Amino acid sequence: MNLEQILTQRAEEAVVALYGTKLDANVLQVQETRKEFVGDFTIVVFPLLKISKQSPEATATTIGDYLQTNCSEVKAYNVIKGFLNLVIADIFWLKFMSETSFDHQYGYVKISDASAMKMIEYSSPNTNKPLHLGHIRNNLLGYSLSKILTANGHCIIKANLVNDRGIHICKSMLAWKRWGNGETPESSGKKGDHLVGDYYVKFDVEYKKEIDQLVKQGMDKEEATRKAPLIQEAQEMLRRWESKDPGTIALWEMMNGWVYAGFDATYQQLGVDFDRMYYESQTYLLGKEIVMDGLKRGVFYQKEDGSVWIDLTSDGLDEKLLLRSDGTSVYITQDIGTACQRFEEYGIDELVYVVGNEQNYHFQVLSLILDKLGYPWAKSLKHMSYGMVELPEGKMKSREGTVVDADDLMAEMIDTSREMSQELGKLDGLSPEEADKIVQIIGLGALKYFILKVDPKKNMLFDPKESIDFNGNTGPFIQYTHARIQSVLRKAAENNLDDHLEIDTNIVLNAKEVSLIHAVYNFPKTINDAAETFSPALVANYAYELAKEYNQFYHDYSILREENPAVRHFRILLSKYTAQVIRLALDLLGIEAPERM
RNA sequence: GGUCCCGUAGCUCAGCUGGAUAGAGCAACAGAUUUCUAAUCUGUCGGUCACAGGUUCGAAUCCUGUCGGGAUCACCA
């Protein structure tokens with residue numbers, strides 16, 4: 001039970017004792033006291049006036065008196081209008097400090113009683129082009145969310161569904177066959193995913209030329225788009241792929257292999273990974289039987305041309321196609337199949353899709369269909385919907401070449417962090433390997449934090465100039481605070497000041513110290529909230545607040561020069577815990593916290 | 001047109017299960033270094049929380065409407 005819950009309970013007892021009325025749940029609000037007032041927690045008494053039949057001030061004072069007398073955690077109180085501010089006894093904070101262990105990962109996070117098995121699908125790239133900034137947001141969110149859910153005691157399976165088939169892959173294959181001259185990643189020195197992406201672009205360029213040509217010859221634009229020889233050839237290639245033509249399959253496997261090698265490198269640098277890979281080439285036929293079965297049971301209906309539909313108009317949605325008139329699957333058919341497969345294969349309790357908000361409608365429909373099919377877990381599908389990443393010059397458009405490539409972006413961030421580190425002399429005395437490592441940690445920390453600090457569901461603006469700022473609300477600022485605390489701790493160790501770090505419960509805390517402990521104390525709550533709302537941004541902003549809090553603490557005190565050993569030990573320990581919580585919070589974001597920088 | 005999301009300082013963002021005088025960072029200006037890392041800290045400037053109603057002791061927060069921005073409504077994935 002945390003402090004807020006204890007106080008809520010005590011206050012409810014107080015109301016029973018003083019006014020003889022039992023309150024409904026949630027009538028009583030305990031919240032943190034705002035910085036400008038004295039106190040740690042505040043109870044708002046306005047809702048109690050009907051019961052107390054007293055003025056706000058009198059009610060607050062009466063309850064304050066009771067709590068001070070009967071609740072050992074409450075040391076003092078003050079009343080401002082209808083707000084009862086409670087001051088928590090130092091002994092509570094000191095006990096918290098001495099009883100809590102931060103040494104192992106999440107060791108002190110209360111694991112919820114019903115810890116669940118969850119699968120979280122993220123990344124989901126196409127194999128016809130390299131990853132870009134939008135994928136970075138997806139990957140960072142997915143990876144961070146999986147860590148946050150793990151920290152809450154859940155068992156998480158990280159899954160990636162690779163879209164490795166379809167007309168877009170055939171476009172790359174065709175262009176490579178025609179204009180590639182046997183170019184490979186080895187022969188060209190290009191990363192495999194970039195190489196294949198280049199041929200995808202090449203196809204588009206040539207395809208456009210053909211369309212223009214046909215239009216010039218008087219053909220209708222739409223017809224030209226359909227009848228251009230290149231697109232027809234690509235479609236023919238897709239048919240050969242689907243009939244498992246050996247030559248086509250071999251080419252497909254070779255080029256996809258290049259792409260996977262490229263993706264692996266990107267994933268590795270970004271620091272994300274997966275427990276289970278799914279490939280659309282293996283799953284795209286799933287779901288058809290389930291749809292046919294649903295048709296038999298009358299959940300779906302068939303039109304005259306043989307296509308299968310579901311009518312969702314009574315749910316405020318539209319009619320949705322499930323099987324084409326030629327009997328082949330569409331996107332959602334496959335998703336129905338893979339969802340069933342996953343719940344059967346792993347017995348998971350929840351399936352989370354990290355997918356952009358342009359697919360909100362799709363997932364709404366998917367969940368509804370599965371519900372109508374009678375699957376009890378249909379409501380356990382969760383869509384972690386996130387907004388688009390925009391650039392100062394507008395939206396990313398691959399056609400207009402305004403896409404920010406993931407590999408380029410990471411390289412740029414690292415370069416910038418190297419320049420800034422060098423300017424400040426931070427790399428002096430480091431070996432080239434050490435310098436590379438630190439520069440990478442900081443550059444990527446800046447990128448990850450910049451993206452994760454924003455509420456996932458909102459569209460965000462990515463301004464490259466601002467993202468490489470290392471001051472203020474940024475990843476490097478938090479990393480730097482952590483590194484500086486480590487420096488303090490090293491110094492303490494050198495001077496043998498940290499060898500018996502038990503807490504003297506008689507020392508008196510000041511406002512800054514209480515404020516810092518309070519911030520540390522809030523970490524588990526933050527992780528819980530982040531898991532419930534699918535929002536790594538809560539953890540990010542928490543980490544920043546904590547780092548800022550520590551910087552203020554540090555500037556007012558010469559920790560190691562403090563002469564009272566008990567106080568000195570306490571401050572060293574508080575520094576240590578703060579550093580550990582910062583490191584854990586950054587870890588939940590997939591950001592490393594270096595010991596020095 | 002239907003549905004969903006967003007609108008908070010010049011800019012980027014917090015705050016949203018209703019609570020006190022709406023907060024940070026950037027930018028601008030003024031300061032701070034005998035001390036553990038100045039990638040730091042302190043201060044000043046900056047607001048009709050898009051607008052209008054409603055709910056109530058109290059609304060940036062909840063409801064309704066309007067305006068503005070975005071997404072989506074394919075026999076694409």
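Letters A, B, ... are given to chains in the order of the sequence lines, protein chains preceding strands, and every chain is numbered from 1. Please read these numbers as outputs of a predicted model, since none were measured by experiment.
- Base-pairing analysis of RNA chain B finds the following stems of at least three consecutive Watson-Crick or G-U pairs, with both pairing distances under 3.5 Å: B:1-7 with B:67-73, B:10-13 with B:23-26, B:28-32 with B:40-44, B:50-54 with B:62-66.
- Of the candidates B:A20, B:A71, B:G25, B:G25 carries the atom nearest the A:N473 side chain, counting heavy atoms from C-beta on.
- Counting only heavy atoms from C-beta on, A:F470 has its side chain closest to B:A39 among B:G25, B:G19, B:A39.
- Among B:C73, B:U40, B:G19, the nucleotide with an atom closest to any side-chain atom of A:F83 is B:G19.
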Indicate every side-chain donor-acceptor pair of residues 436-444 of chain A with a distance under 3.5 Å to a residue at least two apart or in another chain.
| from | atom 1 | to | atom 2 | distance (Å) |
| --- | --- | --- | --- | --- |
| A:D436 | OD1 | A:R418 | NH1 | 3.1 |
| A:D436 | OD1 | A:R418 | NH2 | 3.0 |

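- Separation of the P atoms belonging to B:C63 and B:C5 is 10 Å when rounded to the nearest angstrom.
- The side chain of A:M597 lies closest to B:A39, out of B:A77, B:A39, B:C73.
- Proximity of A:R34 to the phosphate of B:G23: a side-chain N or O atom is located under 4.0 Å from OP1 or OP2.
- Using P as the reference atom, B:A22 and B:U44 are 15 Å apart when rounded to the nearest Å.
- In the interface, the side chain of A:N85 is paired with the base of B:A20 through a donor and an acceptor atom under 3.5 Å apart.
- Closest approach to the A:Y480 side chain among B:A20, B:C41, B:A38 is made by B:A38 (side chain taken as heavy atoms from C-beta onward).
- With 3.5 Å as the limit, one finds no donor-acceptor pair spanning the side chains of A:T338 and A:T283.
- Residue A:T42 places a side-chain atom within donor-acceptor reach of the base of B:A20, judged by atom type and a 3.5 Å distance cut-off alone.
- To the nearest whole angstrom, the two P atoms, one in B:G18 and one in B:U12, are 29 Å apart.
- The existence of a salt bridge linking A:D455 and A:K457 is confirmed by a sub-4.0 Å separation between a basic side-chain nitrogen and an acidic carboxylate oxygen.
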Open item on the list: Does the protein touch nucleotides 5-12 of chain B at the base, only the backbone, or not at all? Give it as B, S and - per nucleotide, heavy atoms under 4.0 Å.
Closed with: SSS----S
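- A donor-acceptor contact closer than 3.5 angstrom links the side chains of A:T42 and A:N85.
- Using atom C1' as the reference point in both B:A74 and B:U56, the two lie 48 Å apart (nearest Å).
- The side chain of A:I442 sits closest to B:A39 out of B:G15, B:A39, B:C41.
- Remark on RNA chain B: of its neighbouring residues A:E319 and A:Q552, the 5'-side contact belongs to A:Q552, judged by nearest-heavy-atom nucleotide.
- Side-chain proximity of A:Q359 to B:G19, B:G23, B:A77: nearest is B:A77.
- Side-chain atoms of A:N471 do not come within 3.5 Å of backbone N or O of A:F477 as any donor-acceptor pair.
- With respect to the salt-bridge test (charged N to carboxylate O, under 4.0 angstrom), the residues A:E236 and A:R239 qualify.
- Rounded to a whole angstrom, the distance from the C1' atom of B:G69 to that of B:U8 is 15 Å.
- The phosphate of B:A24 (OP1 or OP2) has no side-chain N or O of A:K548 nearer than 4.0 angstrom.
- If you check B:G23, B:C73, B:C41 against the side chain of A:N551, the one that comes closest is B:C41.
- Between A:E242 and A:R165 a salt bridge is recorded (basic side-chain N to carboxylate O distance below 4.0 Å).
- B:C41 and B:C4: their P atoms are spaced 44 Å apart (whole Å).
- Checking A:V330 against A:L317, the closest nucleotide of RNA chain B that is more toward the 5' end is the one next to A:L317.
- Of the candidate nucleotides B:G70, B:A20, B:A39, B:A20 has the atom nearest to the side chain of A:K81.
- Residue ring and nucleobase are stacked for A:F37 and B:A20, with a centre distance beneath 5.5 angstrom and an angle between planes beneath 30°.
- Comparing the same atom, P, in B:G31 and in B:A20 gives a spacing of 36 Å after rounding to whole Å.
- Between A:F203 and A:H168, the gap from one ring centroid to the other reaches at least 6.0 Å.
- Contact between the side-chain N/O atoms of A:R324 and the OP1/OP2 oxygens of B:A77 is found at a separation under 4.0 Å.
- Note on A:R571 versus A:E562: salt bridge recorded, some NZ/NE/NH1/NH2 to OD/OE distance being below 4.0 Å.
- By the criterion of a centre-to-centre distance under 5.5 Å and near-parallel planes under 30°, the ring of A:F46 forms a stack with the base of B:G19.
- Summarising the geometry, atom CZ belonging to A:R226 is positioned 11.5 Å from atom CD1 belonging to A:I211; distances are rounded to the nearest 0.5 Å.
- When the side-chain nitrogen and oxygen atoms of A:R561 are compared with OP1 and OP2 of B:U35, none of them lie within a distance under 4.0 Å.
- When the C1' atom is used for both B:G1 and B:G19, the distance is 41 Å, rounded to whole Å.
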